[in-house]
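Have a look at the structure below before the remarks.
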Protein chains: 2
Amino acid sequence: MSKAEILVIDDEPQIRKLLEIALESNDYKVMQAETGKEGIVMAANHPPDLILLDIGLPDKSGHELLKELRAWYNKAIIVLSVQNSEADIVTALDNGATDYLTKPFRTAELLARIRSAIRRNDVQASNSVIVCGNLQIDFAARTVKKDNEPVKLTSTEYNLLTLFAKNEGRVLTHQCILKEIWGVGYQTETQYLRVFVAALRKKIEDNPNQPRHIITESGVGYRFV
Amino acid sequence: MSKAEILVIDDEPQIRKLLEIALESNDYKVMQAETGKEGIVMAANHPPDLILLDIGLPDKSGHELLKELRAWYNKAIIVLSVQNSEADIVTALDNGATDYLTKPFRTAELLARIRSAIRRNDVQASNSVIVCGNLQIDFAARTVKKDNEPVKLTSTEYNLLTLFAKNEGRVLTHQCILKEIWGVGYQTETQYLRVFVAALRKKIEDNPNQPRHIITESGVGYRFV
DNA sequence: TATTCTCTTTATAAAATCTTTACATCCGAA
DNA sequence: TTCGGATGTAAAGATTTTATAAAGAGAATA
């Protein structure tokens with residue numbers, strides 16, 4: 001198996017150097033970009049397995065860059081940010097960041113995050129089918145099966161379920177889900193979400209009263225298991 | 001690795017001498033200042049890894065000094081105070097002190113506090129996963145595990161726990177916690193805090209009667225270990 | 001046009017969480 | 001020891017959040 005390739009987008013040379021050393025000595029192939037523009041070009045020419053993106057870039061907001069990347073790049077993006085910028089982190093995760101690290105970070109932590117993110121890449125890429133207990137989601141065929149029986153979902157229900165499935169185990173806030181499924185203008189319409197979650201549960205849960213797949217996180221959002 | 005440097009700011013010569021002996025024999029490099037003014041100058045010229053500050057200085061209130069230091073100095077500041085001056089301690093912690101000791105103190109305790117504070121200088125909650133003994137907090141997924149079992153927390157409980165975890169080892173005053181979790185209007189509602197600390201302990205402590213994670217600092221606040 | 005399907009909206013019941021009260025317990029000081 | 005302040009705990013009440021049914025609105029289809 002060939003080395004996994006990582007693209008580092010960061011304007012600080014010393015951080016790039018640090019990352020280069022840490023990553024290459026752990027058998028990754030490292031590409032480097034100093035600016036957001038450069039990063040986009042490199043990623044487009046030769047898509048890496050993972051992108052390490054500093055959110056505090058000078059030439060264009062790291063958030064903008066993240067959005068642009070996410071428009072077509074679907075592998076892991078880990079965001080680096082300075083400390084005490086929780087707003088940045090939340091925004092980044094909402095915009096599709098896979099994970100984040102705040103500087104200064106320990107190398108061991110960085111490597112662990114990278115391994116985990118790349119592992120998830122593989123799961124997503126190799127199977128276009130995700131299996132969760134008695135549920136099967138086939139992204140290519142756009143079909144869902146429960147106990148091997150086909151389940152008929154509306155388009156919105158399907159989108160919602162795939163959003164959940166792609167973020168298994170992680171809490172998705174109401175806002176985040178609404179933005180993803182209905183668009184940015186609908187972030188206050190939590191009732192839509194309730195109605196559709198109820199509909200989904202009716203179709204995919206054995207006992208919709210005691211859901212085992214779509215868990216409610218009261219006051220926050222939902223989590224898919 | 002070079003010796004960690006500690007600046008002692010105290011007007012009493014015998015205390016300074018005591019500290020000098022205790023610290024140097026434990027492989028710290030010690031600088032001494034007799035007055036607040038002198039302390040500021042020394043800290044500015046050559047920032048130490050930790051400052052031991054006597055809050056009862058004669059030339060200017062130790063509290064004033066603490067505020068001035070905190071305006072630009074972001075490493076550990078441990079405050080020394082006489083007994084029965086809880087108001088002083090609370091003020092100091094609210095003004096950004098890292099920890100406190102009341103005189104007379106035992107050397108072993110002083111050294112333990114110093115080690116812990118210096119360790120935190122470089123670790124500084126930088127991970128998206130924090131591990132504390134049998135507890136795991138995953139900020140990206142917004143989940144908590146105890147002994148690898150998921151723990152169900154309400155949103156307020158989760159916020160409280162993450163606040164603690166991000167300030168591991170530090171004393172957080174009641175006011176400070178209330179301000180952070182409930183907002184500035186709630187700084188007198190210490191009863192909320194008691195109720196929620198009790199709830200959290202029930203969920204994350206092995207034995208809630210003898211908490212090992214959330215420690216009560218009577219009259220001051222709580223400390224997460 | 002009538003029918004079907006899906007989405008949006010409203011209403012209400014149910015559940016979860018938060019707030020408040022009451023009282024128990026602990027601990028240091030007199 | 002007794003007292004008083006601080007803390008811990010349980011539980012009732014209030015409030016917020018969530019679940020669910022169902023009616024109405026549009027669009028697509030036959």
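By convention in this document, chain letters (A, B, ...) are assigned in the order of the sequence lines, proteins followed by strands, and residues within each chain are numbered from 1.
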Check B:Glu109 with B:Arg113, please: is the shortest side-chain N to carboxylate O separation under 4.0 Å? yes
Listed nucleotide nearest any side-chain atom of A:Tyr192, set D:dT20, C:dT19, C:dT9: C:dT9
From C-beta outward on A:Tyr222, which listed nucleotide comes closest to its side chain: D:dT7, C:dT19, D:dA19? D:dA19
Of the nucleotides D:dT7, D:dA10, C:dT17, which one has an atom closest to the side chain of A:Ser218? C:dT17
OP1 or OP2 of C:dT17 less than 4.0 angstrom from a side-chain nitrogen or oxygen of B:Thr154, does that happen here? no
Closest to side chain of B:Phe196, choosing from D:dA21, C:dC18, D:dT7: C:dC18
Distance below 4.0 Å between A:His174 side-chain N/O and D:dT18 OP1 or OP2: yes
Basic-acidic side-chain contact under 4.0 Å: B:Arg16, B:Asp10: no
Please compare B:Val220 and A:Gly221 by the position of their nearest nucleotide in DNA chain D and report the one closer to 5'. B:Val220
Provide, to the nearest angstrom, the distance between the CD atom belonging to A:Glu217 and the P atom belonging to C:dT17. 9 Å
Can you tell me if the side-chain N/O atoms of B:Asn209 get under 4.0 Å from OP1 or OP2 in C:dT25? no
Which nucleotide in the list D:dG8, D:dT7, D:dT20 gets nearest to the side chain of B:Arg201? D:dG8
Ignoring hydrogens and angles, answer whether the base of D:dT20 and the side-chain atoms of A:Gln191 contain a donor-acceptor pair closer than 3.5 Å. yes
What are the atom names and distances for every N/O pair under 3.5 Å that joins the protein to nucleotides 24-30 of chain D?
none

Using a strict cut-off of less than 4.0 Å between a Lys/Arg side-chain nitrogen and an Asp/Glu carboxylate oxygen, indicate whether A:Lys203 and A:Glu157 qualify as a salt bridge. yes
Would one find a side-chain N or O of B:Lys152 under 4.0 angstrom from OP1 or OP2 of C:dA16? no
With a cut-off of less than 4.0 Å, is there a side-chain N or O of B:Thr156 near OP1 or OP2 of C:dC18? yes
Using a strict threshold of under 4.0 Å (side-chain N to carboxylate O), is an ion pair present between B:Lys146 and B:Asp206? yes
B:Arg194 side chain: which of C:dC18, D:dG8, D:dT20 is closest? D:dG8
Salt bridge B:Lys103-B:Glu12, side-chain N to carboxylate O under 4.0 Å: yes
Ionic contact status for B:Asp138 with A:Arg170, cut-off 4.0 Å: no
Residue-phosphate contact under 4.0 Å: A:Trp182 side-chain N/O, C:dT8 OP1/OP2: yes
Look at the side chain of B:Val195 and decide which nucleotide, out of C:dT8, C:dT19, D:dG8, has an atom nearest to it. C:dT19
Considering only side-chain heavy atoms of B:Ala198, which listed nucleotide, D:dT20, D:dT9, D:dT7, is closest? D:dT9
